[in-house]
Amino acid sequence: MHDRPYTLLSCSVSMDGYIASAASRLLLSNEADFDRVDAVRASCDAIMVGAATVRNDNPRLLVRSQARRDERTARGLAPTPMKVTVTGRAELDARADFFTTGEAEKLVYCARSRVGDARARLGPVATVVDGGRTVEMCRLSNDLAARGVERLMVEGGATVHTQFLTADLVDELQLVVAPVFVGDSQAPRFVRDGCFPWNPARRAKLADVRQIGDVVLLRYALSSRFEDE
Ligand SMILES: NC(=O)c1ccc[n+]([C@@H]2O[C@H](COP(=O)([O-])OP(=O)(O)OC[C@H]3O[C@@H](n4cnc5c(N)ncnc54)[C@H](OP(=O)(O)O)[C@@H]3O)[C@@H](O)[C@H]2O)c1
């Protein structure tokens, strides 16, 4: 038993490294890759995104394939994984698809100063966890492990990616590169500024490269826990 889940960070980027356009969501995948991501989701116990992704993209974060949902149910699991988000301001809408879709539990890690507001707003639709004075991803990961999460999928956005990567909490990075440019420095990139454990002196290990239609999947092994497929 590990003190944090096996953590897989999954992200699609444009050829110039952006994960969205400045104003709107951007389709950076294709059907075959969506299906691959669906299989990865089905293999995890929890899926996490930041509050800005919940607000901007309104994602459902469900397993789409009925066969995969049935397979999870047969294993005694909820049809889709638990959903997890993190917020400081607690300005999340209880009517967002994140909260209203799927049977699995929804967890909201909230900075202590706004936990009361978060419970008032989201109490009926989610479990609000006091994340401490500032929510640290290391403590959040430990708490998820204590709740039985063995495999965590992190699906964005840039702020959340940055914290998981700089804290060296990611075992596997699945980076999809889509054949488009965004070309707008106001748009969010894959990560924000930070001190990352991988640099010219310590290069990450590229474990696999796969072409999926017009996108390419790069799998990086970022820890000794990396599980080869
Ligand atoms: N291409 C892809 O694969 C992909 C995937 C997902 C998202 N995206 C894109 O990513 C963009 C959003 O990225 P983003 O960097 O702006 O946002 P984000 O990482 O989704 O969320 C950031 C927000 O999460 C909360 N948060 C993060 N860390 C926290 C901490 N330690 N303590 C407390 N709260 C914390 C804060 O919420 P509050 O503001 O509520 O305090 C913060 O504003 C969207 O435009 C979306 O389209 C792309």
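Ligands are counted one by one from 1 in listed order, and the atoms in each one are counted from 1 as well.
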Qualifying side-chain hydrogen bond (donor to acceptor under 3.5 Å, both in side chains) pairs with a residue from residues 173-198, counting only residues at least two apart or across chains: Arg36-Gln174, Thr159-Arg192, Glu172-Gln174
For ligand 1, the residues whose heavy atoms come within less than 4.0 Å (ordered by chain, then number): Cys11, Ser12, Ile19, Ala20, Leu28, Gly50, Ala51, Ala52, Thr53, Arg55, Asn56, Asp57, Val86, Thr87, Gly88, Arg89, Val135, Met137, Glu155, Gly156, Gly157, Ala158, Thr159, Val160, Gln163, Arg192
Remaining members of the apolar cluster that contains Val215, side-chain heavy atoms under 4.5 Å: Val176, Ile212, Leu217
Hphob cluster co-occupancy, Leu107 + Met48, side-chain heavy atoms under 4.5 angstrom: yes
Cation-pi geometry met for Lys83 and Phe98 (6.0 Å, 45°): yes
Linked hydrophobic residues, Leu27 as query - side chain contacts closer than 4.5 Å: Phe34
Short side-chain to backbone donor-acceptor contact, Asp97 and Pro59, under 3.5 Å: no
